[in-house]
**Student:** 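One structure, as structure tokens, below. Some questions next.
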Number of protein chains: 2
Amino acid sequence: MTDRPQDPGLTAHESLYRHLRAQIMHGQIEPGASLTLRGLAEEFGVSMTPAREAVRRLAAEGALKLSPSGRVSTPALANDRIEELAALRSLLEPELASRALPRAHSALIDRMQDITVQIDGLMRAGDAAGYIRTNLEFHRNLYLRAQAPAMLALAETVWLQLGPTMRALYARLRRPSASENHNKIIAALRAGDEASLRLAVRQDVTSGLRMLMR
Amino acid sequence: MTDRPQDPGLTAHESLYRHLRAQIMHGQIEPGASLTLRGLAEEFGVSMTPAREAVRRLAAEGALKLSPSGRVSTPALANDRIEELAALRSLLEPELASRALPRAHSALIDRMQDITVQIDGLMRAGDAAGYIRTNLEFHRNLYLRAQAPAMLALAETVWLQLGPTMRALYARLRRPSASENHNKIIAALRAGDEASLRLAVRQDVTSGLRMLMR
DNA sequence: GCCAGCAGTTTGTGATCACAAAACGGCACT
DNA sequence: AGTGCCGTTTTGTGATCACAAACTGCTGGC
């Protein structure tokens, strides 16, 4: 019982859920790793009941895989599944960006520029989880303006499913191609150019995933 | 304890989950209706534990809403949320149809034609749930060929969120506009025409939802 | 050397219970 | 008649336990 943070004011299963979700989304758990309810429960100092709820909730979102016998593990994605999830990203995210465009004021764009610089630093520092997290934050910051919570939720579901695989991606990419793509997105936002915004987002989203598939 | 079917070979929470999911997706529960864990547990002759799991799982999929205090209810959708979900359908489903097109052999198309006839009958008979269920079956039959399980899962999530609201839609539409749209889809499939298939699917998907929003 | 079988252990499932917070209903007071 | 208050009831949360199925590893036979 390592006694984790124990976020106050939250139910036990909620805080466990958030921790796990963040870990998975940020690639801090390797694909195919297996978890046990008792293990998670003990690690967070709670009983099995809230651990089961958190796990099932994540399984419903595709973040975890349940074997027929109920065993829990992070999914190890086959190439065609990765392709599919990449296609989903390039379907959903340009739409979100497009909807956010009319509402993207300059303070937001400045913030996105800051995040881009930050990403460069994290990548150079070799902080994989930090890189993934901040990269997603870049996108989420924009998409929040779309006023489309259901659409954003679906996009996050896709991120979640790709999470464990993301770490493998990070190990392979070494040049900061993210910066270029992000700068294109920022430029399109500043110009108010919807067509090139969609294009830039699609490119940013697929560029990384493409090199993961062979 | 009404002793529901009790599907054999399935865990308690799984069968409860499936029943509830089907009911919600087919519009058999009105928007805003509230459920209780003890109520569901008793209705299915199980304890609260599996009832909670089923409910949380459905909440994670957006099929149910949990109040801050944990109360469970079906969501009552505002117009802008309906518009968003409709946009998601018209984003995802043409893509699914397009991916299914090369794999749609004539036996499948014949089956879809049968289903269309069946839908007409159900609509004339005033069977709302049957109408919704069969209508979704029409779409699912096609999309299964897309070999894109993650994409299909997202689409079903959207259906689920629209479920309770669907009944209200059914009450308003009386002319079988579905037939026309479905026939267009079938024609495009037979012709192998991707562009008009995408168009027909988008039209079918949005035509019903549009009249719901005013 | 390999594989089948068996015992011990791990692990998920579901029931039950104690508890606290929220919702409800009635009552008195203004 | 409306409104604030308090006791009762309802309802979700989480811990614990018994149980069965799955997994593990070892052993003996071929």
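Below, chain A is the first sequence line, B the second, and so on; all start at residue 1.
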**Student:** Taking ring pair (Phe, Tyr, Trp, His ring centres under 6.0 Å) as the test, write out the residues that go with His139(B), two or more places apart.
**Tutor:** Tyr143(B), His182(B)
**Student:** Quick one: Glu42(A) CD to dT10(C) P, roughly how many Å, whole number?
**Tutor:** 12 Å
**Student:** Quick one: which protein N/O atoms are closer than 3.5 Å to N/O atoms of nucleotides 6-12 of chain D? Pair and distance per line, please.
**Tutor:**
| unit_1 | atom_1 | unit_2 | atom_2 | d |
| --- | --- | --- | --- | --- |
| dG12(D) | OP1 | Leu37(B) | N | 3.4 |
| dG12(D) | OP2 | Leu37(B) | N | 2.9 |
| dG12(D) | N7 | Arg38(B) | NH1 | 2.7 |
| dG12(D) | O6 | Arg38(B) | NH2 | 3.1 |

**Student:** Can you name the ring pair (Phe, Tyr, Trp, His ring centres under 6.0 Å) partners of Tyr17(A), sequence neighbours left out?
**Tutor:** none
**Student:** Phosphate oxygens OP1/OP2 of dT13(C): is one of them under 4.0 Å from a side-chain N or O of His13(B)?
**Tutor:** no
**Student:** Answer yes or no: does a side-chain N or O of Thr49(B) lie under 4.0 Å from OP1 or OP2 of dG14(C)?
**Tutor:** no
**Student:** Please give, in whole Å, the distance from dA15(D) C1' to Glu53(A) CD?
**Tutor:** 12 Å
**Student:** Arg57(B) CZ to dG14(C) C1': how many Å, rounded?
**Tutor:** 16 Å
**Student:** Under the salt bridge (Lys or Arg N to Asp or Glu O under 4.0 Å) rule, collect the residues that match up with Arg18(B), sequence neighbours excluded.
**Tutor:** Glu14(B)
**Student:** Residues in side chain to side chain contact (heavy atoms under 4.5 Å, CB included) with Ala76(A), at least two apart?
**Tutor:** Pro31(A)
**Student:** Figure out the CG/P separation between Leu10(A) and dG14(D), and round it to whole Å.
**Tutor:** 10 Å
**Student:** In whole angstrom, what separates Glu43(A)'s CD from dT11(C)'s P?
**Tutor:** 14 Å
**Student:** According to the salt bridge (Lys or Arg N to Asp or Glu O under 4.0 Å) rule, which pairs have a member within residues 59-79 of chain A, sequence neighbours left out?
**Tutor:** Arg21(A)-Glu61(A)
**Student:** Rounded off to whole Å, could you give me the CZ-to-C1' distance for the Phe44(B) and dA15(C) pair?
**Tutor:** 18 Å
**Student:** May I ask you to say whether Glu30(A) pairs ionically with Arg167(A), meaning some side-chain N is under 4.0 Å from a carboxylate O?
**Tutor:** no
